[in-house]
Amino acid sequence: MSSPAPGPGPGDGAPGAPALRSHQWYGTDGLRSFSHRARTRQLGYLPEEHMGKPVIAILNTWSDINPCHQHLRDRAEAVKRGVWQAGGFPLEFPVATLSETFQKPTPMLYRNLLAMETEELLRSYPVDGAVLMGGCDKTTPALLMGAASADLPAVFVPAGPMLRGHWRGETLGSGTDMWKYWDEKRAGRIGDREMSELEAGLARSPGTCMTMGTASTMTSAAEALGVTMPGASAIPAVDSAHSRMAAAAGLRVVGLVDEGARLSRFLTAEAYQDAIATVLALGGSTNAVIHLIAMAGRSGVPLTLDDFDRLAREVPVLADVRPGGAYLMEDFYYAGGLPGLLSRLAEAGLLHPDRPTVAHASLREQLDGAGVHDDTVIRPLSNPLSPEGGVAVLRGNLAPDGAVIKHIAAEPRLLEHTGPAVVFDDYRTMQATINDSGLGITPDTVLVLRGAGPVGGPGMPEYGMLPIPDHLLKQGVTDMVRLSDARMSGTSYGTCVLHIAPESHVGGPLALVRTGDRITLDVAARTLRLEVGDTELERRRAAWRRPPAPYGRGYGALYTEHITQADTGCDFAFLARPGEVPEPYAG
Ligand code: FES
């Protein structure tokens with residue numbers, strides 16, 4: 001199930017085993033231990049402050065460049081308070097920040113780098129337990145992937161969503177309203193003055209995007225997995241409850257060390273199934289499909305696209321939160337937050353209530369007393385936003401290994417559609433030519449972008465919501481069928497078929513599509529077909545040549561050599577499984 005434990009720890013029961021992993025660094029009689037104690041005195045600590053106490057690493061993704069995590073410096077102090085209070089010894093470690101807004105070509109290129117940093121840092125230092133602080137999109141799966149591989153006791157502290165945006169009496173949602181008003185500007189309906197006001201009103205506090213984008217989807221998934229404090233994921237970043245939650249996480253992780261409760265106790269097959277059900281009931285981001293498959297791989301839990309499609313047919317969408325719904329994360333928090341939503345899923349028998357969480361002996365116990373305070377934001381099962389989950393998995397000759405679509409964010413008339421393709425070989429070409437009237441794009445056209453997958457992107461950027469051409473926007477066209485091997489921001493919307501696997505760069509059938517080919521999308525039948533005969537496709541395949549690798553050296557070369565495709569989570573193949581890694585010798 002999980003990777004082998006990194007050395008002895010509390011609860012292992014080995015006769016004569018040292019009580020703590022960190023004991024090997026601090027507590028033995030050798031020269032190295034003497035040096036470690038001397039250097040800890042150099043840090044200014046008395047021996048009484050740390051000797052024999054669980055060492056808790058606080059992995060902090062704070063950075064001046066990451067507006068979503070700007071409060072995490074303060075929150076780390078709250079975590080330390082909790083750790084000291086519980087009798088532990090907290091040490092803060094800065095780790096890579098993955099700022100969704102600023103990092104290019106995409107933070108997805110670096111998710112596995114942060115996962116590696118997390119795993120190796122936890123393994124190579126005298127750490128008994130960890131608090132993982134993240135939230136901006138890729139930071140959550142990265143920290144949890146690394147921590148799952150290191151398999152120490154750990155608690156995840158979500159950064160929490162920012163406050164609602166405001167403009168001229170309207171509430172604004174991150175991403176979602178940015179796309180909307182950018183299109184309004186392109187259509188000539190608003191000008192520079194309005195755009196400047198919107199720029200000031202969209203993001204008005206620290207915290208992650210306050211729509212149900214990838215950040216809130218993944219922090220909610222972490223809570224559903226049972227590795228956060230109860231209710232943690234929806235607490236607004238600037239609410240004082242957020243500081244208390246951080247302190248509670250510090251307190252609790254020391255208890256987990258005392259109990260020898262490693263992450264693998266919680267990251268079980270049942271927990272991952274519940275995380276999928278939660279993401280679906282939230283109408284969450286399609287990025288969760290990739291991240292949960294990658295996280296489960298680290299836990300030794302086989303998870304596939306079929307798990308998502310199967311559960312999507314059973315789990316209704318209950319959270320009326322943008323982009324699929326009307327409200328924002330602050331409203332969701334006041335309506336009962338994730339405990340409220342989970343209590344509804346549990347009532348319907350859609351969760352596994354007997355599995356443990358970091359805070360309680362069982363999920364059932366954790367949800368005792370949880371409820372919903374506003375049925376318009378967290379809908380009852382009798383009145384769901386959609387009777388089915390928000391994600392469908394498509395297959396066919398264009399996506400033999402699968403593709404996904406967030407059909408609740410699409411215009412229903414397009415969910416069964418056949419149209420002629422207009423193909424773009426890469427994103428820059430698409431940007432430069434999409435408004436070219438010579439392309440003959442009509443509302444029926446199927447826009448196809450390739451070269452945007454895990455290798456070709458590189459890093460599978462969020463290019464999947466291709467823009468509607470200006471001339472169609474001005475005619476009032478607001479959605480078209482769009483296909484790509486890219487991902488899409490969780491705050492985006494439209495009839496966008498994503499994650500087509502295998503990607504075009506490695507020779508997936510997407511590489512063979514030509515402008516003018518007809519393509520059929522049928523979401524109800526879960527199919528995506530290129531209406532071109534097998535003989536012609538074979539002829540095109542024989543003529544196809546793989547594009548040059550995007551990187552000749554460095555991390556990019558390592559990435560492109562080892563990255564797996566979207567349907568298997570885009571982890572590095574050599575990390576995507578549990579396995580023996582030697583514990584470092586600290587003597
Ligand atoms: Fe950080 Fe959206 S940009 S969560």
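This structure is a prediction, so every number in the text was calculated from the model and none was measured. Counting convention: from 1, in listed order, for ligands and their atoms alike. Throughout, residue positions are numbered sequentially from 1 according to the sequence presented.
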Under 6.0 Å from the CZ atom of Arg428, do we count more than 12 heavy atoms belonging to anything else shown?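 Open.
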
Evaluation steps, side chain to side chain donor-acceptor pair (under 3.5 Å), between Arg487 and Thr214: CA-CA 11 Å; Arg487 294 175 301 114; Thr214 304; 5.9 Å; no

Please assess Arg81 against Glu77 for the test salt bridge (Lys or Arg N to Asp or Glu O under 4.0 Å), listing each intermediate value before the final yes or no. CA-CA 6 Å; Arg81 259 180 20 230; Glu77 295 306 314; over 6 Å; no

Metal proximity, Cys209 vs atom 2 (Fe) of ligand 1, N/O/S cut-off 2.8 Å: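 It does: Cys209 brings an N, O or S atom closer than 2.8 Å to atom 2 (Fe) of ligand 1.
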
Is atom 1 (Fe) of ligand 1 under 2.8 Å from any N, O or S atom of Cys136?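 An N, O or S atom of Cys136 is closer than 2.8 Å to atom 1 (Fe) of ligand 1, so yes.
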
Which ligand 1 atoms, with their elements, are less than 4.0 angstrom from a heavy-atom of [X]?
| X | value |
| --- | --- |
| Thr208 | 4 (S) |
| Glu100 | 3 (S) |
| Thr101 | 3 (S) |
| Asp137 | 2 (Fe), 4 (S) |
| Cys68 | 1 (Fe), 3 (S), 4 (S) |
| Ala215 | 4 (S) |

Please work out whether the ring planes of Tyr110 and Tyr555 are parallel, tilted or perpendicular, with thresholds of 30° and 60°.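 Tyr110 and Tyr555: parallel rings.
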
Indicate the ring-plane relationship of Tyr463 and Tyr427, choosing parallel, tilted or perpendicular according to the 30° and 60° boundaries.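 Plane angle under 30°, so parallel.
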
Quick one: do Arg322 and Asp331 make a salt bridge, cutoff under 4.0 Å?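 Between Asp331 and Arg322 there is no salt bridge, as every charged N stays at least 4.0 Å from the carboxylate O atoms.
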
